[in-house]
Amino acid sequence: MTEQATDHLSIKDTEWMSLALQLAERGRYTTSPNPRVGCVIVKNDNVIGEGWHQQAGGPHAEVHALRDAGDNAKGATAYVTLEPCSHHGRTPPCAEGLIKAGVARVVGAVRDPNPEVAGRGFQMLRDAGIKVTEACLPEQAYALNAGFMKRMTSGLPLVRLKLAMSLDGRTAMQSGESQWITGPEARRDVQRLRAQSCAVITGADSVIIDNPSMTVRADEAELNIPTELQRQPLRVIIDGSERVTSTAKIFAQPGDILIAGHTSRQQKIERSSALGKTDYWSGAKNEKTDLTALLKYLAAQQCNEVLVESGAQLAGAFIDAGLVDELVVYCAPTLLGSEARPLLSLPMSDMKQQIRWHWQDVRMVGNDVRLTLLPDLRPTLRSVKNTEQEGL
């Protein structure tokens, strides 16, 4: 029987790991593209060190916690929400730091799926004579870094689709007027979704009709993020027909932009300010922008979580292609009428084409309701339409 199997978890272990997860949560908006990690060092039932990863390139959670504990870390137990790294990146291996500090035991939540780690960190600790216990609150730890986990295991980012609708399932008047359906609390909540995302995807129609900034406004979102840790997600505009012009408000905002299309030629749009850079990407499938290829490209650029904020056509294309991992719908207590625009463009003709979802969370946000749903992955309930038509 292995050491891992004989070293059982206690109630105390889960309590200390819960604290480590709370610390990791503090990095939700700042660690990208790195995972959110927390570490607690305990000795004689007292916390002697704690830390969390704050931003890529900076010290990891274990380093902060070991600095906090000092020489007292010798003989202690370290609780880490993700397997300590075993390789030299922008910082030295955290497993090596724990060994040098002389900790006696390490309790981990989940293994790091990064191929450069993938069990090697835990093995390095075991080889040094440190007792290692794995799988302490793994589901909570996995959920905190679902985007990072998915990118490392599938080569795709986690895709979160955000929509806002009236009680009768409408998103805008027939003219396109949509400001505002939801209240200020819901709009602040959306800011938080943007802030935790590595990229925000929208379509040309949304840029032309709504003229959005698509930026994170930390003060408005009440995130309380130090200025030096604030960042803007990459803003991706899907514009296959090259209709977006440089006069759009989005080009005058801070942060980088990627224009994605499906032709080999992309018209070069000059930025109206020097606040970032504009790049171009093209990939076609059935004469439309290949959404899967775009997501693979974003994952290669180290995007863990992608937020889609768009109109009915692009949102429907992502769902129909089976690319949405989480659906977030804000429902406002208002009616827009039968002539208003629908939530999604998903042409269906019979019941077997329906796409079912599972309720994950339902809560009030101001005077609106936020619905969070996960896809039902059972193939019998997926659309029978050929998913080759997944482009836009």
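Just so you know, these numbers use all the heavy atoms, side chains as well, and skip hydrogens, waters and symmetry mates.
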TODO: Report the C-alpha distance between Gln191 and Arg217 in whole Å, list the side-chain angles of each, state the deciding distance to 0.1 Å, and finish with yes or no for side-chain contact (heavy atoms from CB on, under 4.5 Å).
DONE: CA-CA 7 Å; Gln191 286 284 315; Arg217 298 175 287 279; 2.9 Å; yes
Please walk me through it: do Trp359 and Asp361 pass side-chain contact (heavy atoms from CB on, under 4.5 Å)?
CA-CA 6 Å; Trp359 295 109; Asp361 184 70; over 6 Å; no
(message) For Arg36 and Glu305: C-alpha separation, side-chain torsions, deciding distance, then whether salt bridge (Lys or Arg N to Asp or Glu O under 4.0 Å) applies.
(response) CA-CA 12 Å; Arg36 302 142 183 159; Glu305 299 179 30; 2.9 Å; yes
message = I'd like to know whether Phe318 forms a side-chain contact (heavy atoms from CB on, under 4.5 Å) with Leu291, so could you lay out the CA-CA distance, the side-chain angles of the two residues, the decisive distance to 0.1 Å, and finally the verdict.
response = CA-CA 7 Å; Phe318 268 98; Leu291 300 180; 4.0 Å; yes
Yes or no on side-chain contact (heavy atoms from CB on, under 4.5 Å) for Arg235 and Leu258, after CA distance, side-chain angles and deciding distance? CA-CA 6 Å; Arg235 287 163 296 161; Leu258 177 71; over 6 Å; no
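Residues in residues 8-23 take part in these salt bridge (Lys or Arg N to Asp or Glu O under 4.0 Å) pairs, two or more places apart or across chains: Lys12-Glu15, Asp13-Arg105. Evaluation of the salt bridge (Lys or Arg N to Asp or Glu O under 4.0 Å) test over residues 195-205, restricted to residues two or more places apart or in two chains, returns Asp205-Arg243. Within the structure, side-chain hydrogen bond (donor to acceptor under 3.5 Å, both in side chains) pairs that include any residue of residues 137-150 comprise Lys150-Asp325 (at least two apart or interchain). Residue pairs satisfying the salt bridge (Lys or Arg N to Asp or Glu O under 4.0 Å) criterion with at least one member in residues 56-80, sequence neighbours excluded, are absent.
Checked by atom type and distance alone, the side chain of Thr81 pairs as donor or acceptor with a backbone atom of Gly38 at under 3.5 Å. In this structure a side-chain-to-backbone donor-acceptor pair under 3.5 Å is missing from Asp112 to Leu82. Distance alone, capped at 3.5 Å, is enough to place a donor-acceptor pair between the Gln353 side chain and the Asp350 backbone. No donor-acceptor distance shorter than 3.5 angstrom exists from the side chain of Glu96 to the backbone of Pro93, with no hydrogens or angles considered. Asp290 contributes no side-chain N or O that, together with a main-chain N or O of Lys285, makes up a donor-acceptor pair within less than 3.5 Å. Put simply, the side chain of Ser310 gets close to the backbone of Ala315: a donor and an acceptor are under 3.5 Å apart.
In this structure, CE in Met17 is found 9.0 Å from SG in Cys39, a value given to the nearest 0.5 Å. If you take OG1 on Thr171 and CG on Leu343, they are separated by 6.5 Å, rounding to the nearest 0.5 Å. Between the CG atom in Asp239 and the OH atom in Tyr280 there is a gap of 10.5 Å [rounded to 0.5 Å]. Taken to the nearest 0.5 Å, the NE2 atom of His64 stands 11.0 Å off from the CG atom of Leu23. Separating the CH2 atom in Trp357 from the CD1 atom in Ile355 is a distance of 7.5 Å, to the nearest 0.5 Å. Distance check: Cys303 SG to Leu156 CG gives 12.0 Å after rounding to the nearest 0.5 Å.
Counting heavy atoms from C-beta on, the side chains of Leu137 and Leu21 come closer than 4.5 Å. Counting heavy atoms from C-beta outward, Trp281 and Ile259 have side chains that stay 4.5 Å or more apart. The closest side-chain heavy-atom distance from Phe148 to Pro33 is not below 4.5 Å. Using a 4.5 Å heavy-atom threshold, the side chains of His60 and Cys85 count as touching. In this structure, the side chains of Thr372 and Arg370 come closer than 4.5 Å at one or more pairs of heavy atoms. Between Gln253 and Gln232 there is no side-chain heavy-atom pair separated by less than 4.5 Å. In this structure, Leu158 and Val306 have side chains that are not in contact, with every pair of non-hydrogen atoms separated by 4.5 Å or more. With contacts defined as side-chain heavy-atom distances shorter than 4.5 Å, the pair Val207/Thr202 qualifies.
Partners of Glu326 under the side chain to side chain donor-acceptor pair (under 3.5 Å) rule, at least two apart in sequence or in another chain, are Arg160. For Arg26, there are no salt bridge (Lys or Arg N to Asp or Glu O under 4.0 Å) partners at least two apart in sequence or on another chain. Ser166 pairs by the side chain to side chain donor-acceptor pair (under 3.5 Å) definition with Asp168, not counting sequence neighbours. Contacts of Ala299 classified as side-chain contact (heavy atoms from CB on, under 4.5 Å), with partners at least two apart in sequence or in another chain: Arg151, Pro157. The side chain to side chain donor-acceptor pair (under 3.5 Å) search around Gln230 returns none, not counting sequence neighbours. Under the side chain to side chain donor-acceptor pair (under 3.5 Å) criterion, Arg188 pairs with no residue, sequence neighbours left out.
Salt bridge status for Glu309 with Arg187: absent, with no side-chain N to carboxylate O gap under 4.0 Å. Using a cutoff of 4.0 Å between basic side-chain nitrogens and carboxylate oxygens, Glu83 and Arg111 are not scored as salt-bridged.
Pairing each heavy atom of Ala109 with each of Ala141, the nearest pair is CB-CB, 3.4 Å. When all heavy atoms of Val117 and Ser86 are compared, the closest pair comes out as CA-OG, 4.0 Å. Scanning all heavy atoms of the two residues, the minimum distance from Ile250 to Ile257 falls at O-CD1, 3.5 Å. In plain terms, the two heavy atoms of Gly261 and Thr289 that are nearest each other are C-OG1, 3.5 Å. When every heavy atom of Asp256 is checked against every heavy atom of Lys277, the shortest pair comes out as OD1-N, 3.1 Å. Across every non-hydrogen atom of Leu66 and Ala101, the tightest pair is CD2-CB, 3.6 Å.
Side-chain contact of Gln22 with Ser18: a donor-acceptor pair under 3.5 Å is absent, judged by distance alone. Thr215 and Ser213 form no side-chain donor-acceptor contact under 3.5 Å, judged by distance and modelled atom types alone.
In the hydrophobic cluster analysis, where Ile, Leu, Val, Met, Phe, Trp and Tyr join through side-chain heavy atoms closer than 4.5 angstrom, Leu161 is grouped apart from Leu374. Following chains of ILVMFWY side-chain contacts shorter than 4.5 Å, one cannot reach Val369 starting from Val365, and the two form parts of different hydrophobic clusters. No path of Ile, Leu, Val, Met, Phe, Trp and Tyr side chains, each step under 4.5 Å between heavy atoms, connects Val63 with Tyr79, placing them in separate hydrophobic clusters. Hydrophobic clustering, with ILVMFWY side chains joined whenever heavy atoms are under 4.5 angstrom apart, groups Leu371 together with Val324.
Within a 6.0 Å sphere centred on NZ of Lys43, heavy atoms belonging to other residues, nucleotides or ligands number more than 12.
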For residues 327-340, tabulate all N or O donor-acceptor pairs below 3.5 Å that involve a side-chain atom, not counting sequence neighbours.
residue : atom : partner : partner atom : Å
Tyr330  : OH   : Asp189  : OD2          : 2.6

Just list the side-chain donor-acceptor pairs under 3.5 Å for residues 46-57, sequence neighbours left out, or say none.
residue : atom : partner : partner atom : Å
Asn46   : ND2  : Asn44   : O            : 3.3
His53   : ND1  : Pro59   : O            : 3.1
His53   : NE2  : Asn34   : ND2          : 3.0
His53   : NE2  : Gln55   : O            : 3.3

